Amino acid sequence: MYPLLRRVRSWHGIRSLAGQMFVLQVVVILVLVATAIAALLLQSRTDAEREARNRSLAVAASVASTPTVRQALTSANPTAVLQPQAEETRQRSHVDFIVVMSPAGIRYTHPNPAQIGRHYIGSIAAAQGGGIVTETTTGTLGPSVRTVVPVTDSEGKVIGLVSAGITIHQVSLAAERQVPLVLAATGLVLTAATGGTALIGRRLSRQTRGLGPAQMTRMYEHHDAVLHSVREGVLIVDPQGRLLLANDEARRLLGLAGNVDGRTLTDLGLNPRAEELFLSGRATTDEVIEVGDRLLAVSQRPMGQSPRPGGWVATLRDTTELSALMGRVEAVQDRLKLLYDAGIRIGTTLDVTRTAEELTEFAVPRFADYVTVDLADAVLRGEEPNPLCAAELRRVALQGIRQGVPLYPLGALIHFDPTTPQASGYGSGKMVLEADLPAFSGWQAQEPDRARRLVAHGVHSMIVAPLRARGVILGVATFWRSREPTPFTPEDLSLAEELVARAAVSIDNARRFTREHAMAVTLQRSLLPHALPEQSAVDVAHRYLPAEAGLGGVGGDWFDVIPLPGARVAIVVGDVVGHGLHAAATMGQLRTAVHNFSTLDLPPDELLWHLDELVTRIDQDRDGDGGTPLLTGATCLYAIYDPVSRQCSMARAGHLEPIIVHPDGHAHLPGVPAGPPLGLGGLPYEKTEVLLPEGSSIVLYTDGLVEDRQHDIDEGIERLRRAVAPRGRTPDQMCQEAMDALLPGAPRDDVALIVARTRLLDDKHTASWDVPSDPSAVADVRAAAARHLQDWGMEEETFILELILSELVTNAIRHANAPIGVRLIRDRSLICEVSDGSSMSPHLRRATTMDEGGRGLFLVAQFADRWGTRYTPGGKVIWTEQHLATEP
């Protein structure tokens, strides 16, 4: 220390003014320290008691206002609850004791548990009446202050008392502990003053560089002329980040106060970007930074070369016009980005409601605080709204930054008043801006009470944008602002218009898809059987699932059950390549063709051959039209079951083989030969005939049920076979079990499944005779048939049946070959079949008055409800049907 003082005395500056200032600073500091210590000791004595009163009152009042204290005072054992809490509070609040007592003064808590249950020592009368008692007493620990505060219930009744006490000595210790701190601070201040004086002298000598007064004057005159007359800001910063110099232009550009030289850059309140650049000291040229509403171009260079003291110098140029231009560019970029993001996030599905929800989810909170979308009901159905209708819209989407705002709820049908912005926008197709909702300029005419509550929730601005697409107004979107203090502006109208325009196109696309999908579904449902026909040959259950929604939900899979003459039934299943409207229309063509061919009563193989020829001719007609899909590639399986003979004949055109399930649960593939898909031609179709026990099940299906990308199709067929094999289940249960086992989720392809359980028409329902080729046998056949009808209780049908048998059997004897047979079948109608060995088909003709014959088939056609001919390998069968009044 002594060498430092000797060096200080050798400096001329310190001997004069600096030395005097140093001595004066030391004296002033010593006087101030002594005065502060004396004042602290005196003041601590007078303030200790007041502080003790305030602290004891605060602690007692805090404990008395605690809800747990009120609850504990009304409990059976207050001490068990209050003692731990009182001790914890006493330790945290640094008081000497906290006593909770009854209104009579019996202690529930005390730092010394032995004092619990005894009467409180002190004055509590005022507290028992609802007041506060504060008193100073002298005890074993010295003077102390205690305060008693009442504890009241919700009705103001005193249910207990709380007392808190603290010694005055404990409070005064805090002030006494500050004395060493003051002494230490005195030493630090003296040391800092001595060091600071020395540093000032050295820095002054180094910065003047030995210049004389005249030279210093000229230098500062030149310095001021250069720095403060140029229109470019100049900053000089030292290596420690302090501002050494800032000319007038720099102060103006940075918004600095008048005297900032020598202050640290971090204390100047600069823009964070500017502060980071100036403190970094890195060399840069024309780096653009934003400061307030100005855009500054900054160039900065270091000053590290000797004999300079180090640091760096920065120059600033005002580029405010460029800033405005850049602001407009950024606004346009933000707007373009917003619209680009809207194009990505809005319209991801072809669902009208979901598209409206995507608009609201995207716009909140990017553009508005609340967004609602109201559409015409016709749009939700896929139709175009009627422009002549009033603005009666349904709320389909609602999104906001918080709940509870009194807007119309989702699903509400709103009839907007003609004076409201929504009705105006919907009717005119123009944007409507309500910048000041609290002004109630007419927008509240819909529901004034709801409008006032809406404004009370902070909603202050609104934009109504009609959803227009392809010249049609679908509804309106309303944007509300509440959290953002600034209202919507006319500039926001164009952004809202573009945002809603994109959403409107997506909503219209979804509406069109909804309409087309509804049309396709309607077409498909009209082409598929609405209800299976009544017949006695089989019990039928079926399932049909269209492809997943992404493919339109419409496909070309189909099935049918067709009653045939002789109580037989045809079961058909088919699959058309592709999905959508064309596949459904193609399916309708094939189903109609199969129905028409089935009236010819052809065997399955011949029917498929005719169907293949038809598909080939249709596709040849379509070859010139590239936009129409071909039928080639469609598959079909056709099966005929006869409940009398239990014979089932089947043929397939490129379709998967059916599964036969016997009554005992044995399931197998019948081995139906595979024919080519329809339209390929070239190969004949083969049929398979199977004799089925009564109660057997025929399972027909399409490939969508058994195909899976993860498994081979044979494995899928095996899984289906196992699913339908268990015995004792109804056809409907078999269908459901198969769907559950093979389709746990939505199918990727159309699925058709039909299960037909066979029935048997036994001897109680049938009768047959062999007829010799003798005209006299006709009477015997009529008599035998009449007896059977009498046994069946069908006497009313006897006359017509005898007439039909007479004509058909007589014609067979006269014009056909043996063997001749007659069979009666009692089903939902009375069926009469006359078979012979000739393949010549009879023809119905109208006989003239002079003809002796030719009236037989005419009479049959007149008296029978239906009649026809089918061919067999040995000849033909002529059949008739007579409807019965009641089913057998």
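Note that the structure is predicted; figures quoted are calculated from it, not measured.
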Legend entry - Minimum heavy-atom distance between Met739 and Leu753, given as atom pair plus value: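 Heavy atoms only, the tightest pair is SD-CD2, 4.2 Å.
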Is there a donor-acceptor pair under 3.5 Å between the side chain of [X] and the backbone N or O of [Y]?
X	Y	value
His655	Tyr638	no
Ser424	Pro421	no
Arg468	Ile473	no
Asp417	Ala445	no
Glu358	Thr348	yes
Asp369	Ile401	no

Please tell me whether [X] and [Y] have a donor and an acceptor in their side chains that are separated by less than 3.5 angstrom.
X	Y	answer
Ser441	Glu434	yes
Thr702	Asp557	yes
Thr349	Asp351	no
Gln444	Arg450	no
Asn271	Glu275	no
Arg591	Asn596	no

Under a 4.0 Å N-O cut-off, is there an ion pair linking [X] with [Y]?
X	Y	value
Glu357	Arg354	yes
Glu287	Arg273	yes
Asp374	Arg395	yes
Asp508	Arg512	yes

Legend entry - Sub-6.0 Å ring centroid separation between Phe559 and Tyr701: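 Between Tyr701 and Phe559, which both carry aromatic rings, the centre distance is not below 6.0 Å.
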Inset, instruction - Could you check Asp714 against Arg719 for salt bridge (Lys or Arg N to Asp or Glu O under 4.0 Å), going step by step and ending with a plain yes or no? - result: CA-CA 9 Å; Asp714 292 334; Arg719 292 171 58 197; over 6 Å; no
Legend entry - Contacts of Thr489 that satisfy side-chain contact (heavy atoms from CB on, under 4.5 Å) - sequence neighbours left out: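 Listed in chain order: Glu491, Asp492.
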Inset, instruction - Determine, stepwise, if the pair Leu742 / Val706 fulfils side chain to side chain contact (heavy atoms under 4.5 Å, CB included). - result: CA-CA 7 Å; Leu742 278 78; Val706 294; 3.8 Å; yes
Hey, does [Y] have a side-chain heavy atom less than 4.5 Å from the side chain of [X]?
X	Y	answer
Tyr408	Leu398	no
Tyr426	Leu467	no
Leu359	Thr355	no

Inset, instruction - Begin from the C-alpha positions of Val755 and His542 and carry the test side chain to side chain contact (heavy atoms under 4.5 Å, CB included) through to its verdict. - result: CA-CA 6 Å; Val755 177; His542 62 88; over 6 Å; no
Inset, instruction - List for me each residue that meets salt bridge (Lys or Arg N to Asp or Glu O under 4.0 Å) alongside Asp436, sequence neighbours excluded, and say none if there are none. - result: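 Counting only residues at least two positions away or on another chain, Asp436 forms no salt bridge (Lys or Arg N to Asp or Glu O under 4.0 Å).
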Inset, instruction - Report the C-alpha distance between Phe479 and Val500 in whole Å, list the side-chain angles of each, state the deciding distance to 0.1 Å, and finish with yes or no for side chain to side chain contact (heavy atoms under 4.5 Å, CB included). - result: CA-CA 10 Å; Phe479 302 90; Val500 169; 3.6 Å; yes
